[in-house]
A.B. asks: 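For reference, the structure I am asking about is given below.
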Amino acid sequence: MEPLKPVRSGAPEIFLTPYDPGGMEPGIYKKWEESGYFNPDNLKDAKEPYTIIMPPPNANGSLHVGHALFVTLQDLLIRYKRMRGFKTLWLPGADHAGFETQLVYEKKLEKEGRSRFKMEREEFYKETLAFTLENKKFMEGQLRQLGASCDWSREKFTLDPDIVTTVYATFKKLYDDSLVYRGERPVNWSTKYQTSLSDLETKTVERKDPLYYMKYGPFVLATVRPETKFGDTAIAVNPNDDRYKEWVGKEVEFDGLIGPVKLKVVADEYVDMTFGTGVVKITPAHDPNDFEVAQRHGLPAVEVIDRFGKLNEKCGKYAGMKILEARAAVAKDLEEKGLLEKVDETYVHNILVNYKNENDILEPRIMSQWFIKMAPLAERAREAVENGKIRIFPEFQKKIFFHWLENLRDWNISRQIVWGIPIPAWFKDGEIAIGEKPSGEDWQQDPDTFDTWFSSGQWPYATLGYPDGKDFKTYYPTSVMETGYDILFFWVMRMIMLGLYRTGEVPFRDVYLHGLVRDAQKIKISKSKGNVINPLEMTEIYGTDALRMALLVGNTPGMDISLAEPKIKGYKLFSNKLWNIARFVLENTDGEQDAPVTETDQKLLDELHALEKEVTADMENYRVYLAAEKLYHYVWDRFAAKILEESKDILKGSDAATATSRRNTLYGILNTSLKLLHPFMPFVTEAIWQQLPKKENDLLMVAKWPV
RNA sequence: GGGCGGUUAGCUCAGUUGGUAGAGCAAUCGCUUUACACGCGAAAGGUCACAGGUUCGAGUCCUGUACCGCCCACCA
């Protein structure tokens, strides 16, 4: 780029060089951090607290553009409130992210030709910890690059000892209150990863599977899973089905593939008369619906598939076969014996899979695990939202919130993975001890770890040191929880439930839900699609301020935003515009002087004042996208294009008083514009502020917000 | 099957309590004008998905329809 022309009069030398965000940003961040004002303890005049707990990023990779969005939104709110004189705490953190990190690390092991199943538990844990801590450190640097003005002195990690202590205390209290129980219940079992998953960690995918119509004693029934027949403990029909009325309550005996079968026929509303033949085989151990039928009718559950997805010793000659292998074998044998009436090859149904890996089909399996009773907790969460103790932005997400609360099942918090917080439960001969290992021999600790959302669900009060911490008293309930709508159920809901349960207070007053960042064509960003936007790379090319503006403008809460490089570039141009406005103004004035203001200039100041009010109102109501756009247009279309242009004539005119008034006005508008823009574009505004000859505060970051 | 959202300029989206439609990018024309060519000026571009209704007035409120997207859900 060509060098700029020399500046006239006494404009600061920095303006001799073009605007260079990449070169100036690290130094500015350092200045902020060293000032100590990220820490609210150093905001001496501030009284009323304003708190945001940062959603702790998973420490298993580098930050993506979704992280950049949350950093931008939260930093915007924090900087705005800090300038307004609040005692602002933005508490950063990192999440060990149990299952997800373990998955990432297992993949890494796979590439190296290793497997966690061939490693000692401790060895695997140690390696994963090292991997996580390394990522965490890297991530902290990236958060700084994005301008996050969070209080690093209060940073928390989900595995910090004090966090674990709090998590344990909550578990104990839930147990004492009978809200957590040890249950033998169906869980979603991953044979690949050897752990159960909560209902939220599953998703359904459509699949075409053969539907076998098999003869079963006197009946014909339709099933996609003939291989589970060895675990059948009943046959069910609908109580209103006249076709089978005579059989209800009777036992049927017939020869099965591996010997005689004797099953009771039960009547249950669950059976749909119109599906298949209206007859269902009940396999309680391998189907959650069948399990419930079995509960209602007092039927036993017989496990026939083991944790590795192989048929067990109860399955005669099929023992040792994998599920699909066994299915084919059973179907073939049924056919040979004339027991297969027909096969519907067009049948499409939904199957449960691992939400992180669609190829990982989850097997329903009965296991002894810890479950949290959701109903009582959900009720309090509903009340809090209903009576406005928690506000949700956008409002329509409230409906989704309520709808979800209606069909809740108990929450399985046991994970059979190594990477996580061990569950503080000990067993001995059917006895259970919670909290600490009891004295005496033979107590065995539960080998499982907590679902990571159980601990992160306690994040707001755990990070603030509940119950005795000084910070808890000052900063709880927090002001706003800003996060993506995609984790409304996983996280926000759990924080509300556990926060209310444990502290008796809501964890936050407002919930601001942002959308997903998509590419220019509105397509979901993913590595496999090759449309990844690396936020750190963008900040290096266009500046963090440009990236932030691109993420803010046009981004309404709860809606996905599309982002593309040209948009970011557009705001780099805006940063440059601001830079040059400052250059012009500072070439022409070295600060405000006492002098009368002309009527024309007073109108300009009034106009600016109206903008201050509007922007402030927008900020208070989370209309940040409007605030950003208004400032953009004011600065570019009004200040630069009109006011500044018409000033050229005034400044070189012969009327000294008018010229002085205009100089003061230009300086005033620049000053205020920098303040209003600072939460949005902290770096360039601070850089210019540093060049102002007269200012109320050395750091723009803690200058007073207009209005 | 239930719920939620969307449909506005070529593309991506704003439009805060109803008052004659806006931005960015792209595309057109013209400009080295003493802050900025990372710039300036000018012009162009829309039956606001469709059909009804309320209103003096509807992109905005109500009813319905269509299409797109997302979430939830135990028909084997």
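Worth saying up front: this structure is predicted, and the values here are computed from it rather than measured. Naming convention: chains lettered A, B, ... in sequence-line order (proteins, then strands); numbering from 1 in each chain.
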A.B. asks: Take the protein atom CZ of Phe639(A) and the nucleotide atom P of A35(B), then report the distance between them rounded to whole Å.
C.D. replies: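 Interatomic distance, CZ of Phe639(A) to P of A35(B): 14 Å.
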A.B. asks: For Tyr485(A), what residues pass the side chain to side chain donor-acceptor pair (under 3.5 Å) criterion, not counting sequence neighbours?
C.D. replies: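 In terms of side chain to side chain donor-acceptor pair (under 3.5 Å), with neighbours along the sequence ignored, Tyr485(A) is linked to Asp560(A).
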A.B. asks: Within a reach of under 6.0 Å around CD of Glu345(A), are more than 12 heavy atoms found that belong to other residues, nucleotides or ligands?
C.D. replies: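 Counting neighbours around CD of Glu345(A), more than 12 heavy atoms of other residues, nucleotides or ligands fall under 6.0 Å, so yes.
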A.B. asks: For residues 552-572 of chain A, pull every pair meeting ring pair (Phe, Tyr, Trp, His ring centres under 6.0 Å), keeping only residues two or more places apart or in separate chains.
C.D. replies: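 For residues 552-572 of chain A, and leaving out neighbouring residues, the ring pair (Phe, Tyr, Trp, His ring centres under 6.0 Å) pairs sorted by first residue read Tyr571(A)-Tyr632(A).
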A.B. asks: Take the protein atom CG of Asn580(A) and the nucleotide atom C1' of G39(B), then report the distance between them rounded to whole Å.
C.D. replies: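 Taking atom C1' of G39(B) as the reference, CG of Asn580(A) is at 9 Å.
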A.B. asks: Let's see if you can work this out: which of C36(B), C71(B), A76(B) has an atom nearest to the side-chain heavy atoms of Asn576(A)?
C.D. replies: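 Nearest to the side chain of Asn576(A) among the choices is C36(B).
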A.B. asks: For Trp247(A), what residues pass the ring pair (Phe, Tyr, Trp, His ring centres under 6.0 Å) criterion, not counting sequence neighbours?
C.D. replies: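 With sequence neighbours excluded, Trp247(A) shows a ring pair (Phe, Tyr, Trp, His ring centres under 6.0 Å) to Phe219(A), given in chain and number order.
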A.B. asks: Taking only the side-chain nitrogens and oxygens of Lys203(A), find out if one of them lies under 4.0 Å from OP1 or OP2 of C71(B).
C.D. replies: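 Answer no for this pair, as no side-chain N or O of Lys203(A) is under 4.0 Å from OP1 or OP2.
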A.B. asks: Between G69(B) atom P and Tyr485(A) atom OH, what is the distance in whole Å?
C.D. replies: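 Whole-Å distance recorded here is 14 Å.
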A.B. asks: Please determine if a side-chain N or O atom of Tyr625(A) lies less than 4.0 Å away from the OP1 or OP2 oxygen of G15(B).
C.D. replies: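 Result: yes.
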A.B. asks: Using atom P of each nucleotide, how far apart are A73(B) and U54(B) to the nearest Å?
C.D. replies: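 Taking atom P in both A73(B) and U54(B), they lie 42 Å apart.
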A.B. asks: Among all residues two or more places apart in sequence or in another chain, which pass the ring pair (Phe, Tyr, Trp, His ring centres under 6.0 Å) test with Trp404(A)?
C.D. replies: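 For Trp404(A), the residues satisfying ring pair (Phe, Tyr, Trp, His ring centres under 6.0 Å) (neighbours in sequence not counted) are Phe489(A).
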A.B. asks: Check nucleotides 8-12 of chain B against the protein and report each pair of N or O atoms closer than 3.5 Å, with its distance, or say if there are none.
C.D. replies:
unit_1	atom_1	unit_2	atom_2	d
U12(B)	O3'	Ser562(A)	OG	3.4
U12(B)	O2'	Ser562(A)	OG	2.1

A.B. asks: When all nucleic acid strands are considered with a 4.0 Å heavy-atom cut-off, which category describes Asn350(A): base, sugar-phosphate, or nothing?
C.D. replies: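 Counting heavy atoms under 4.0 Å across all strands, the contact made by Asn350(A) includes a base.
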A.B. asks: Where do N or O atoms of nucleotides 4-7 of chain B meet protein N or O atoms at under 3.5 Å, pair by pair?
C.D. replies:
unit_1	atom_1	unit_2	atom_2	d
G5(B)	OP1	Lys399(A)	NZ	3.1

A.B. asks: If I take atom CG in residue Asp637(A) and atom C1' in nucleotide A35(B), what distance separates them, rounded to the nearest angstrom?
C.D. replies: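 From Asp637(A) CG to A35(B) C1': 16 Å.
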A.B. asks: When you measure from every atom of RNA chain B, which of residues 265-274 of chain A have a heavy atom less than 4.0 Å away?
C.D. replies: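 Per residue number, the list reads Tyr270(A), Val271(A), Asp272(A).
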A.B. asks: Toss me the dot-bracket line for RNA chain B: Watson-Crick and G-U wobble, both under 3.5 Å, 5' to 3', using | for pairs to another strand and [ ] for crossers.
C.D. replies: (((((((..((((.....[..))))..((((.......))))......(((((..]....))))))))))))....
A.B. asks: Can you tell me, in whole Å, how much space there is between the C1' of C4(B) and that of A76(B)?
C.D. replies: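 Result for the C1' pair: 30 Å, nearest Å.
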A.B. asks: Lys577(A) has a side chain; which of C38(B), C25(B), C40(B) sits nearest to it?
C.D. replies: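 When the side chain of Lys577(A) is considered, C40(B) is the closest of C38(B), C25(B), C40(B).
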A.B. asks: If I pick the P atom on U47(B) and the same atom on G59(B), what distance separates them, to the nearest angstrom?
C.D. replies: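 13 Å, rounded to whole Å.
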A.B. asks: Enumerate the side-chain hydrogen bond (donor to acceptor under 3.5 Å, both in side chains) contacts for residues 545-556 of chain A, please, sequence neighbours excluded, ordered by first and then second residue.
C.D. replies: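 Output for this query lists Asp75(A)-Arg548(A).
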A.B. asks: With a 4.0 Å cutoff (strictly under), does any side-chain N or O of Thr223(A) reach OP1 or OP2 of A76(B)?
C.D. replies: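 Negative; the distance criterion is not met.
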A.B. asks: For Gly570(A), which contact category applies under a 4.0 Å heavy-atom criterion: base, sugar-phosphate, or nothing?
C.D. replies: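 If one applies the 4.0 Å heavy-atom cut-off, Gly570(A) turns out to touch nothing in the nucleic acid.
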A.B. asks: Reckon Leu644(A) touches a base, only the sugar-phosphate, or nothing at all at heavy-atom distances under 4.0 Å?
C.D. replies: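 Base contact - Leu644(A) has a heavy atom under 4.0 Å of at least one base atom.
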A.B. asks: Using the benzene-type ring in the case of Trp, are the ring centres of Phe490(A) and Tyr355(A) under 6.0 Å apart?
C.D. replies: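 Between Phe490(A) and Tyr355(A), the centre distance is under 6.0 Å.
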A.B. asks: Could you tell me how far apart Phe584(A) (CZ) and C40(B) (P) are, to the nearest whole angstrom?
C.D. replies: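 The distance from CZ of Phe584(A) to P of C40(B) comes to 14 Å, rounded to the nearest Å.
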A.B. asks: Tell me every residue that passes ring pair (Phe, Tyr, Trp, His ring centres under 6.0 Å) with Phe401(A), counting only those two or more places apart in sequence or in another chain.
C.D. replies: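 Here no residue qualifies.
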A.B. asks: So which of Leu221(A), Asp268(A), Val279(A) actually passes side-chain contact (heavy atoms from CB on, under 4.5 Å) with Val237(A)?
C.D. replies: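 Testing Val237(A) for a side-chain contact (heavy atoms from CB on, under 4.5 Å) against Leu221(A), Asp268(A), Val279(A) leaves exactly one candidate, Val279(A).
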A.B. asks: Could you give the CG-to-P distance, from Leu16(A) to C36(B), as a whole number of Å?
C.D. replies: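 Interatomic distance, CG of Leu16(A) to P of C36(B): 12 Å.
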A.B. asks: Holding to ring pair (Phe, Tyr, Trp, His ring centres under 6.0 Å), I want the full list of residues that pass it with His349(A), two or more places apart in sequence or in another chain.
C.D. replies: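 With neighbours one apart ignored, the set is Tyr347(A).
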A.B. asks: Report yes if at least one side-chain N or O of Lys648(A) is closer than 4.0 Å to OP1 or OP2 of A35(B); otherwise report no.
C.D. replies: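 Yes.
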A.B. asks: Using a cut-off of strictly less than 4.0 Å, decide whether Tyr347(A) has a side-chain nitrogen or oxygen near OP1 or OP2 of A76(B).
C.D. replies: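 Yes, within the criterion.
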A.B. asks: In whole Å, I'd like the distance from the CG atom of Leu352(A) to the C1' atom of A73(B).
C.D. replies: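 The answer, rounded to whole Å, is 11 Å.
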A.B. asks: How close or far is atom C1' of G2(B) from atom CH2 of Trp404(A), stated in whole angstroms?
C.D. replies: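 Value for this atom pair: 16 Å.
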A.B. asks: Not counting sequence neighbours, which residues clear side chain to side chain donor-acceptor pair (under 3.5 Å) with Asp199(A)? List them please.
C.D. replies: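 By the side chain to side chain donor-acceptor pair (under 3.5 Å) rule, Asp199(A) matches Asn188(A).
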A.B. asks: May I ask you to verify if any side-chain N or O of Arg623(A) is less than 4.0 angstrom from the OP1 or OP2 atom of G15(B)?
C.D. replies: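 No.
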